[in-house]
Amino acid sequence: MLGFACICKSLNDNGCFKTTTIKYLSKLDKSSQIKKLRSIAVDNLYNTSKILEWCAENGIFLYRMSSDLIPLATYYEDWHWWEDADILKQCDNIKTASQNKGIRISMHPDQFCVLNSEKSNVVENSIKILQYHNRLSCLTGNKLLVLHVGSSAGGKKTAMERFSANFKMLDTDIKTKLALENDDKVFTALDVLGLCETLGIPMVLDLHHYRCRNEGEDLSALRARIIKTWQKKKPKLHLSSGRAYDTDRSHADYITPEDYKMATDFAGNDFDIMLECKEKDLALLRLVK
DNA sequence: CTCGGTCAAGGATAC
DNA sequence: GTATCCTTGACCGAG
């Protein structure tokens, strides 16, 4: 099963997400700020359920929700967006749509969520980011948060130990949603697999990151172990093509036929494949065609 | 209307 | 320490 992330280019009016900035909001009075934030959140959540409907109509049952549905969610702590009736209604629509249509959803906290940072304020903020994702996940029925290990400061071993220690301090509710993904600069598939096995969480294999960064490990030898980390859930891998060349870390607009074949050969019927490319759903439709 | 500078946030690197 | 890059896409606002 193929899926795509966030933006849906096929939907002109409902396929994208709004946002705002602190700088802009600071020019408004408090009530206008909240009004603006609410309006953006409701629109973004509404668009997400529209995208889910579009997915079902187009035979797509795998989708990653945007992390930026609630604007400035971890900044405006006095704005209790999760107590807003309109927002709750929209979240419930997403939950119902994904469950009724059988769409497997996930989220992927961005680069600012560095749980293993050496800076305590960064760790605290990362936990806030995870709490936000968890809260939104609970309301929308999402059960999977895909994360990178993060910083490599102090060396890989120390950095992974920091990750484990901080992971263990998280709420159980968050821990049961987390999965870890290998990255393209530091933590290899083997590094992340070992960490996932130790922590008892699923591993998302990113094939492009593996291509950019590996220590010669043989993926076919890791395949069964990776699947095992998912227990009864459907394992997932990420696929993208390099923009300018194979190991270019920048993502291309589309997936090359060669990369798609490589991924499907590896995945068989055992893995869902999440596409990461600029043209999103359009790239997926091209592959299916 | 169009286009470009700007934006909460981290990390790594080079100087 | 500080500057700069990596890198996303939506937005404001100048023209």
Side-chain angles (χ1 to χ4, degrees), chain A residues 4-28 32-37 39-48 51 64-79 81 107-133 146-156 158-160 162-163 166 181-187 191 206 208-209 212-213 238 240-245 247-253 274-283:
Chain A
F4 67 98
C6 306
I7 294 172
C8 179
K9 297 215 166 192
S10 300
L11 285 173
N12 295 325
D13 297 329
N14 300 110
C16 57
F17 305 99
K18 295 185 170 75
T19 188
T20 188
T21 61
I22 287 165
K23 192 156 185 171
Y24 173 73
L25 284 184
S26 67
K27 295 177 202 160
L28 308 177
S32 303
Q33 291 177 358
I34 302 297
K35 197 173 164 191
K36 172 95 178 166
L37 292 166
S39 146
I40 292 173
V42 169
D43 281 356
N44 288 348
L45 293 164
Y46 174 79
N47 284 1
T48 299
I51 292 172
R64 179 196 300 167
M65 296 198 291
S66 167
S67 282
D68 301 319
L69 295 175
I70 310 293
L72 306 176
T74 58
Y75 186 83
Y76 267 83
E77 292 180 315
D78 52 344
W79 176 44
W81 57 268
M107 295 184 81
H108 196 342
D110 66 16
Q111 59 174 323
F112 299 114
C113 184
V114 185
L115 190 60
N116 74 339
S117 174
E118 286 186 310
K119 301 173 192 164
S120 61
N121 62 315
V122 174
V123 174
E124 280 166 30
N125 194 48
S126 300
I127 292 172
K128 279 185 199 167
I129 294 173
L130 289 176
Q131 286 168 338
Y132 152 68
H133 279 84
V146 181
L147 204 62
H148 289 286
V149 180
S151 163
S152 64
K156 280 204 301 197
T158 313
M160 288 195 285
R162 279 201 307 275
F163 185 91
N166 291 346
E181 172 187 351
N182 57 306
D183 66 65
D184 52 10
K185 284 199 286 199
V186 182
F187 299 100
D191 293 331
D206 187 308
H208 185 59
H209 291 167
C212 295
R213 163 80 184 137
H238 289 175
S240 50
S241 291
R243 172 159 286 279
Y245 48 93
T247 54
D248 186 349
R249 291 170 43 224
S250 303
H251 291 170
D253 291 347
M274 173 59 70
L275 305 181
E276 295 182 319
C277 49
K278 308 288 180 193
E279 293 300 318
K280 311 291 184 184
D281 53 304
L282 301 181

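Labels below follow one simple rule: chain letters A, B, ... track the order of the sequence lines, proteins then strands, and each chain is numbered from 1.
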Residue matched to B:dA8 through Watson-Crick or wobble contacts both under 3.5 angstrom: none

Would you kindly say whether A:T19 and A:D68 are connected by a side-chain donor-acceptor distance under 3.5 Å? no

N/O donor-acceptor pair under 3.5 Å between A:N182 side chain and A:D206 backbone: yes

Taken to the nearest whole Å, NZ/A:K18 to C1'/C:dT8 is 18 Å

Return yes if a side-chain donor-acceptor contact under 3.5 Å exists between A:H238 and A:E181, otherwise no. yes

Same-atom distance (P) from C:dA3 to B:dC7, integer angstrom: 16 Å

When you check every protein heavy atom under 4.0 Å of nucleotides 9-15 of chain B, what one-letter string (B, S, -) results, 5' to 3'? BBSS---

State the CG-NZ distance between A:D43 and A:K18, to the nearest 0.5 angstrom. 4.0 Å

Who does C:dT7 pair with, Watson-Crick or G-U, both distances under 3.5 Å? none

Nucleotide B:dA8, atom C1' - distance to CD1 of A:I70 in whole Å: 17 Å

Length of the CD1-P vector between A:I7 and C:dT7, whole Å: 17 Å

Once you round it to whole Å, what is the distance between P of C:dA10 and CG of A:L72? 15 Å

Could you check whether any side-chain N or O of A:R162 sits under 3.5 Å from a backbone N or O of A:N116, counting only pairs where one atom can act as donor and the other as acceptor? yes

Using the P atom as the point on both nucleotides, what is the distance between B:dA8 and C:dC12, in whole Å? 13 Å

Please classify the nucleic acid contact of A:T20 as base, sugar-phosphate, or nothing, using heavy-atom distances under 4.0 Å. nothing

Whole-Å distance, A:I40 CD1 to B:dA8 P, equals 13 Å

In this structure, how many angstroms lie between the C1' atom of C:dA10 and the CD1 atom of A:I22, rounded? 16 Å

Pairwise P distance for B:dT13 and C:dT7, with rounding to whole Å: 14 Å

Using modelled atom types and a 3.5 Å cut-off, is there a donor and acceptor pairing between side-chain atoms of A:Y132 and backbone atoms of A:S67? yes

With A:Q33, which of A:L72, A:I22, A:L25 fulfils side-chain contact (heavy atoms from CB on, under 4.5 Å)? A:L25

Where each residue is assigned the nucleotide of DNA chain C containing its nearest heavy atom, which of A:K27 and A:G15 is assigned the position nearer the 5′ end? A:G15

Provide, to the nearest angstrom, the distance between the CG atom belonging to A:L25 and the P atom belonging to B:dA8. 9 Å

Among C:dT7, C:dA10, C:dT8, the one nearest A:R249 by side-chain distance: C:dT7

Select base, sugar-phosphate, or nothing to describe what A:K128 touches, counting heavy atoms under 4.0 Å on all strands. nothing

Check this one for me: any side-chain N or O of A:K23 less than 4.0 Å away from OP1 or OP2 of B:dC7? yes

Separation of A:Y24 atom OH from C:dG9 atom P, in whole Å? 23 Å

Interatomic spacing from CH2 in A:W79 to CD1 in A:I34 - rounded to 0.5 Å: 7.0 Å

